[in-house]
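The first residue in the sequence is number 1, and the count goes up from there.
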Amino acid sequence: RLAVHNNSIEDYEDSMKVYFFKHVFSWLAPEGYFLFQAYSPRDEPMGACITECSPAFAAKHKVHLCSTETYLDMAKAAGFQVVSSELVHSQGRFPGKDR
């Protein structure tokens, strides 16, 4: 009755994310819950500071970040009823930033 997402959906373009939500919805039992998390464009390590935080990763990978509203729209379009949503933002510290 519970599915949890804890993977890198940011590796995929929006069309694949929509497919992902539809797939999970079709798999989840009635009255089940799906807990989802993702980076947002405001998350420093994956957003604005990705090149500084992880230059090797940034050089080889494209990251597709979405706003909270976009993820909510994708979930609703797949058939989910959103029970709650929360945007958590922290300014992470990483080596070299405070120099």
Roughly how far, to the nearest 0.5 Å, is CD1 of I9 from NE2 of H64?
11.5 Å
Would a single hydrophobic cluster contain both L35 and L72, if residues Ile, Leu, Val, Met, Phe, Trp and Tyr are joined by side-chain heavy-atom contacts under 4.5 Å?
no
If two hydrophobic side chains count as joined below 4.5 Å and joins carry through other members, does L28 share a cluster with V18?
yes
Let me confirm one number: the CZ-CD distance from F34 to Q81, rounded to the nearest 0.5 Å.
15.5 Å
Between Y71 and K17, is there a side-chain heavy-atom distance shorter than 4.5 Å?
yes
Is the closest basic N to carboxylate O distance between K76 and D73 below 4.0 Å?
no
Please answer: with hydrophobic residues joined when any side-chain heavy atoms are less than 4.5 Å apart, are W27 and M74 in the same cluster?
yes
So, for F21 and F36, is the gap between ring centers shorter than 6.0 Å?
yes
Atom OH of Y12 with >12 non-hydrogen neighbours under 6.0 angstrom
no
